[in-house]
Amino acid sequence: MTKKVLLTEAIHEEGMNIIREAAELEIAADPGEETVIKAIADADALIVRSSKVTSAIIEAGKKLKVIGRHGMGLDNIDLKAADQYGVAVVNTPDANVLSVAEHVLATMLYLCKRLKEVDNALRTGEFDRPGSLPGLVTKLGYTTQELYGKTLGLVGVGKIARRIAEICTKGFDMQVCGYDAYLAPDVIQQAGVEPCGSLEEVFEKADFISVHVPLTPGTRGLIGKKQLDLMKPTAFLINSARGGVVNEDDLYQALKEKSIAGAAVDVFAQEPPGKNHPLFTLDNVVVTPHIAAMTDGALVRMARDVAEGVVSVLRGERPKYLVNPRIWKI
Ligand SMILES: NC(=O)c1ccc[n+]([C@@H]2O[C@H](COP(=O)([O-])OP(=O)(O)OC[C@H]3O[C@@H](n4cnc5c(N)ncnc54)[C@H](O)[C@@H]3O)[C@@H](O)[C@H]2O)c1
């Protein structure tokens, strides 16, 4: 009998074609729980981007064998319920490493070259005075920072962090240090990263701090006032991991009081964030709508990897990126 794969939202055509070759494909009218509960009744597989897969959805999927996560983070999926109902979960952990790393580099450069401020200053006439432009730049105080020789501090030294470390050491001659709660110091060292003995050491040492831990009960609120207070006033914080990892109120205070130089935020505790989010009122922060992985290449790789994972399970084959091997009985 033809299998049915339910998608909460469309993914790249390349991935949808892989599914169409093996099964019937249906896209839900919207990714909300109520709609998905109805549509999942006769589905063998579910593919989601970042919409929530609750235990009620999993329970309603009487034929459900696999949930595919188009992306890396799993905090939107009730993994306990998936285990309980024997449903395999697959994701795409390798697909967006490069894209997130590039995004982090883009924001580091944006912040230290003060692109927002200088673009705005030029457009609003601040440089419309007699004198040489370089002279005015110095006079008006728009000097910028180099990455060269600065220290990058990594919170979590996994795949994305390592790619950033590689670019920063090879491309910008930066020093890179990092803290990872689950990796031995020699493993961190082998990745070209100087191991820090604690999270706090990263915040004390680094000029750029980039966050790369998953959102779990153990990392929720991991970074707050205590860590932000340790940062140099010239240092920047970049969060492209998950909103809940950094306490947004504490970050807002640190930026408002200028106890840190700036921040780049791609992820929010509540997504989508309201248009009156306090961070949007500040000039020393660059905000992006969870877009780090939305590149041309990553969208194809995520769609292809999740489709292949789901189709493997439907064929009874062990998928490459199985999140919960404990349920795999073959
Ligand atoms: N903004 C985006 O679009 C986007 C895209 C992809 C991934 N992400 C986020 O980035 C995160 C990191 O991705 P990755 O591919 O590098 O993951 P990864 O699993 O390769 O690395 C995560 C690292 O964090 C470490 N870690 C876990 N808990 C920790 C803690 N309490 N303290 C210190 N270290 C801890 C782990 O040991 C691991 O080495 C993902 O979990 C996801 O939430 C965001």
Side-chain angles (χ1 to χ4, degrees), residues 11 48-52 69-77 79 89 91-108 152-167 176-193 195-203 206 209-224 226-227 237-247 263-269 271-273 286-299 301-303 305-306 321-323:
I11 59 174
V48 295
R49 289 183 155 201
S50 51
S51 58
K52 279 203 165 21
R69 159 76 168 111
H70 178 278
M72 155 79 193
L74 294 160
D75 43 289
N76 58 323
I77 297 175
L79 292 175
V89 178
N91 68 344
T92 64
D94 292 335
N96 50 24
V97 171
L98 304 178
S99 53
V100 179
E102 285 186 9
H103 178 90
V104 169
L105 257 297
T107 56
M108 284 168 66
L152 168 70
L154 298 166
V155 179
V157 190
K159 294 182 295 300
I160 295 172
R162 288 173 198 210
R163 176 66 185 160
I164 296 167
E166 196 184 359
I167 300 170
V176 184
C177 66
Y179 169 75
D180 193 296
Y182 300 99
L183 296 178
D186 58 320
V187 176
I188 296 177
Q189 202 130 33
Q190 277 157 25
V193 177
C196 289
S198 67
L199 179 63
E200 284 67 34
E201 195 183 325
V202 177
F203 281 78
I209 293 152
S210 196
V211 184
H212 300 288
V213 293
L215 178 62
T216 63
T219 61
R220 189 174 288 280
L222 182 71
I223 295 161
K226 181 181 172 201
Q227 291 74 27
L237 180 84
I238 297 124
N239 184 12
S240 66
R242 282 293 180 267
V245 175
V246 177
N247 182 311
V265 178
D266 186 48
V267 283
F268 297 85
E271 291 186 358
V286 51
V287 288
T288 47
H290 202 142
I291 207 173
M294 295 298 110
T295 60
D296 48 1
L299 285 169
R301 290 190 295 270
M302 285 190 283
D305 289 358
V306 75
Y321 303 113
L322 180 62
V323 171

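Each ligand, and each atom within it, is numbered from 1 in the order the structure gives.
- Considering backbone and side-chain atoms alike, N96 places every N or O at 3.5 Å or more from each N or O of ligand 1.
- The protein non-hydrogen atom at the shortest distance from atom 9 (C) of ligand 1 is A241 O, 3.6 Å.
- The heavy atom nearest to atom 15 (O) of ligand 1, considering only H103, K159, R163, M302, is found in K159.
- At least one side-chain heavy atom of L154 sits less than 4.5 Å from a side-chain heavy atom of H212.
- Nearest protein heavy-atom contact of atom 31 (N) of ligand 1 is T219 CG2, 3.5 Å.
- Numbered from 1 in the order shown, with element, the atoms of ligand 1 that lie under 4.0 Å from a heavy atom of H212 read 12 (C), 22 (C), 23 (C), 24 (O).
- Heavy-atom contacts of V100 reach the following atoms of ligand 1: 4 (C), 5 (C), 6 (C) (cutoff under 4.0 Å).
- Close contacts of ligand 1 with R242, meaning ligand atoms under 4.0 Å from a residue heavy atom, involve 8 (N), 9 (C), 42 (C), 43 (O), 44 (C).
- Atom 44 (C) of ligand 1 has as its closest protein heavy atom S240 O, 3.1 Å.
- Near A293, meaning under 4.0 Å from any of its heavy atoms, are these atoms of ligand 1: 3 (O), 5 (C).
- If you look at I160 next to ligand 1, the close heavy atoms, those under 4.0 Å, come from the backbone and the side chain alike.
- Taking every heavy atom of P214 and a limit of under 4.0 angstrom, the matching atoms of ligand 1 come to 22 (C), 24 (O), 27 (C), 41 (O).
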